[in-house]
Structures are given as C-alpha cells and as structure tokens.
2 protein chains.
Amino acid sequence: MERTTAQRKAIHTVLEEAGRPMSPPEIFEAARSIAPGLGMATVYRTIKRMLDDGVLAAVELPGEAPRYERAGLGHHHHFRCNDCNKVFDLTGCASAFDKCLPKGFALESHEIFLFGRCETCATG
Amino acid sequence: MERTTAQRKAIHTVLEEAGRPMSPPEIFEAARSIAPGLGMATVYRTIKRMLDDGVLAAVELPGEAPRYERAGLGHHHHFRCNDCNKVFDLTGCASAFDKCLPKGFALESHEIFLFGRCETCATG
DNA sequence: ATCTCTGCAAATGTTTTGCATCAGC
DNA sequence: GCTGATGCAAAACATTTGCAGAGAT
C-alpha cells in the first residue's frame with residue numbers, strides 16, 4: 001500500500017502550488033526547502049510513481065528535459081519563455097496561436113510536431 | 001583551416017543520402033560502414049562543427065534525442081513514425097495537418113509548441 | 001513488526017573532453 | 001613540418017538502481 005511521507009507531501013505541494021510544468025531539478029530545489037535532506041533519487045522515483053498513478057503528466061518540449069504538471073488539465077499546449085526558460089500552460093488554443101497567449105506574452109516562434117505511422121509501418 | 005578527411009566525407013555522404021533527420025547513433029552506424037574505425041566522438045564533433053558552419057540543422061522532437069538534417073531546407077515540420085521511430089520532413093504545411101502528409105502516412109497525434117517571452121521577461 | 005520509502009553511492013547511458021598520434025595541406 | 005582531426009579512454013551530466021536502514025501503518 002502507498003504511504004504518505006514528508007517527501008511525497010513536499011513534492012506534491014510544490015507541483016500543486018507552481019501551477020506550471022516543472023523539471024526534476026526545479027522540483028528538487030523547491031521541495032528540498034520543505035523537506036530538507038530530500039534526495040534526487042526520491043524526486044525521480046516519486047515522479048515516476050505519480051505518472052503511473054495518473055496524478056502527473058509529462059510535458060516534453062523539443063530539445064529539453066521533460067517537465068511535469070498535474071494531470072487532468074485537459075488538452076492544452078505550452079509556452080516556453082526564451083529568457084527565463086519557464087514553461088506555462090495555454091488554454092483553448094487551436095491554430096490562432098497569438099490569440100491564446102496570456103496578456104503581455106510575446107510570441108517569437110512555434111513548432112508543430114506530427115506523430116503517426118509512415119507508409120511502410122501503416123501498411124505492414 | 002578546415003580539412004577534408006575520410007570521416008567527414010563519410011558523415012556528409014550519409015546525411016546527404018538519407019534525406020531525413022538522423023540521430024548521432026544512426027549516423028555513426030551508417031558512416032562506420034563507409035569509414036571503418038570511425039569513433040563516436042568524431043561523429044559528435046563533426047555534427048557540432050557542421051551546425052556551427054550552418055551546414056546542418058538540428059531537429060528536436062519532444063522527449064527524444066536530437067536528430068540532424070541538411071540546413072537550408074526552408075521552414076518545414078516533421079513527422080515521426082510511431083512504429084519505426086524514423087523522422088520525415090513535411091513540406092508546405094501550416095495548419096491543415098492531415099493535408100500535408102505524404103500518401104499512405106497515418107496521422108495519430110500532433111504537438112504544438114510556442115516559444116517567446118513571458119510577461120516578466122518581455123517587460124523587463 | 002511489517003513492509004514501503006528513503007538516502008547514499010554505485011551503475012547506466014549519452015554526450016563531451018584530454019591527450020598522444022595521425023594525416024591533410 | 002605545421003596544425004587541425006582522430007581514436008581511445010576518462011570525464012561530465014542526467015537518470016536509474018541496489019541496498020541497508022528509517023519510518024509509516
């Protein structure tokens with residue numbers, strides 16, 4: 001059975017209060033100040049556990065280490081600041097990219113990635 | 001001054017003939033059969049050099065190691081096969097995603113990423 | 001008391017770097 | 001011959017795992 005420990009509560013709290021996707025080192029730093037002595041291995045193990053439990057969702061940006069945020073936010077996309085490198089959630093967006101940015105945010109570029117099956121694998 | 005070596009020619013050839021973005025291990029395998037004894041370090045060093053020279057462009061998919069392709073292909077997006085994991089170039093695409101897929105390719109999902117500056121960094 | 005969770009340290013996998021040697025110019 | 005490029009091995013860096021001991025139930 002799953003146990004409630006100070007470390008897990010700290011990690012939970014950090015992710016809950018951030019309201020944006022965070023990287024493992026970010027989570028580690030923030031949670032360490034709540035639960036001193038916390039180890040990096042525990043952060044990774046807890047993230048993996050929370051992913052399996054469907055509590056967390058991975059946010060993977062091209063060319064960057066994955067970040068994690070609360071699951072169950074519905075379909076949405078993300079915005080990364082080129083200065084501070086933080087990642088923010090966007091809502092209700094489809095293709096009018098600049099329309100869905102929070103006020104004050106400046107759009108500089110976008111990437112679109114498609115996934116599926118190539119001809120060889122689709123027919124095989 | 002830059003020198004023309006068998007190793008560089010091999011790596012060049014491999015990337016030229018592939019016509020799709022390749023990962024360092026893929027490049028290593030393919031180039032090794034042209035230039036036996038080739039080392040992984042040389043592959044990475046040559047990739048970096050070619051990036052600096054503007055000969056190569058990085059293709060970074062979310063959650064995956066970067067691939068590389070010839071630079072100067074103009075703005076385009078990419079398609080990764082969920083079966084064989086190969087990445088292909090797409091052309092002339094904007095937002096009618098399924099319209100721009102090569103014949104026989106099946107679209108399963110897409111990701112959109114926006115980049116720019118958040119309010120804090122834009123006004124700072 | 002049991003059995004999970006934790007921290008540490010060692011292992012892993014990938015990319016980078018140091019260095020002596022090799023080869024293009 | 002000079003100087004940049006190479007291969008190997010070691011280093012760096014991020015993530016994972018083994019293990020003995022701490023802590024939740």
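So you know, we letter chains A, B, ... as the sequences are listed, proteins then strands, and number each from 1. Below, each value reflects all heavy atoms present in this structure, side chains not excepted, and no hydrogens, waters or symmetry copies.
The phosphate of dA5(D) (OP1 or OP2) has a side-chain N or O of Arg8(B) nearer than 4.0 angstrom. Taking side-chain N and O atoms only, Thr4(A) has a distance below 4.0 Å to OP1 or OP2 of dT25(D).
Counting all heavy atoms, side chain and backbone alike, Ala35(A) lies closest to Ala6(A) at CB-O, 4.3 Å.
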Give me the distances for all protein-to-nucleotides 19-22 of chain C N/O pairs that come in under 3.5 Å?
none

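Following rounding to the nearest Å, Ile27(B) (CD1) and dT14(C) (P) show an atom-to-atom distance of 15 Å. Residue Ile47(A) contributes atom CD1, which lies 14 Å from atom P of dT17(D) at whole-angstrom precision. We find that CD of Glu2(A) is positioned 17 Å from P of dC3(C), with the value rounded to whole Å. When the C1' atom of dC25(C) is taken as reference, atom NZ of Lys9(B) falls 13 Å away, rounded to whole Å. The distance between atom CZ of Arg3(A) and atom P of dA24(D), rounded to the nearest whole Å, is 9 Å. Between the P atom of dA14(D) and the CD atom of Glu60(A) lies a distance of 17 Å, rounded to the nearest Å. Put simply, CZ on Phe28(A) is 12 Å from P on dA14(D), counting in whole angstrom units.
For the atom pair CG (Leu38(B)) and CD (Gln7(B)), the distance works out to 6.5 Å, reported to the nearest 0.5 Å. Note: Ile47(A) CD1 to Ile27(A) CD1 = 4.0 Å, rounded to the nearest 0.5 Å. If you take OG1 on Thr42(B) and CZ on Arg32(B), they are separated by 10.5 Å, rounding to the nearest 0.5 Å.
Side-chain atoms of Glu26(B) and Val14(B), non-hydrogen and from C-beta on, never get closer than 4.5 Å to each other. Contact annotation: the side chain of Val87(A) never approaches that of Arg20(A) to less than 4.5 Å [non-hydrogen atoms, C-beta and beyond].
A distance-only check finds no donor-acceptor pair linking the side chain of Glu16(A) to the backbone of Thr13(A) [under 3.5 Å]. Looking at Arg67(A), its side chain never comes within 3.5 Å of a backbone N or O of Glu60(A) through a donor-acceptor pair.
Of the residues near DNA chain C, Pro25(B) and Thr5(B), the one whose nearest nucleotide (by heavy atom distance) lies more toward the 5' end is Pro25(B).
No hydrogens or angles considered: a donor-acceptor pair under 3.5 Å links the side chains of His76(B) and Glu69(B).
For DNA chain C, the neighbouring residues in residues 33-42 of chain A, judged by any heavy atom under 4.0 Å, are Gly37(A), Leu38(A), Gly39(A), Ala41(A), Thr42(A).
Each of dG23(D), dG7(C), dA5(D) was ranked by its minimum atom distance to the side chain of Gln7(A); first place goes to dG7(C).
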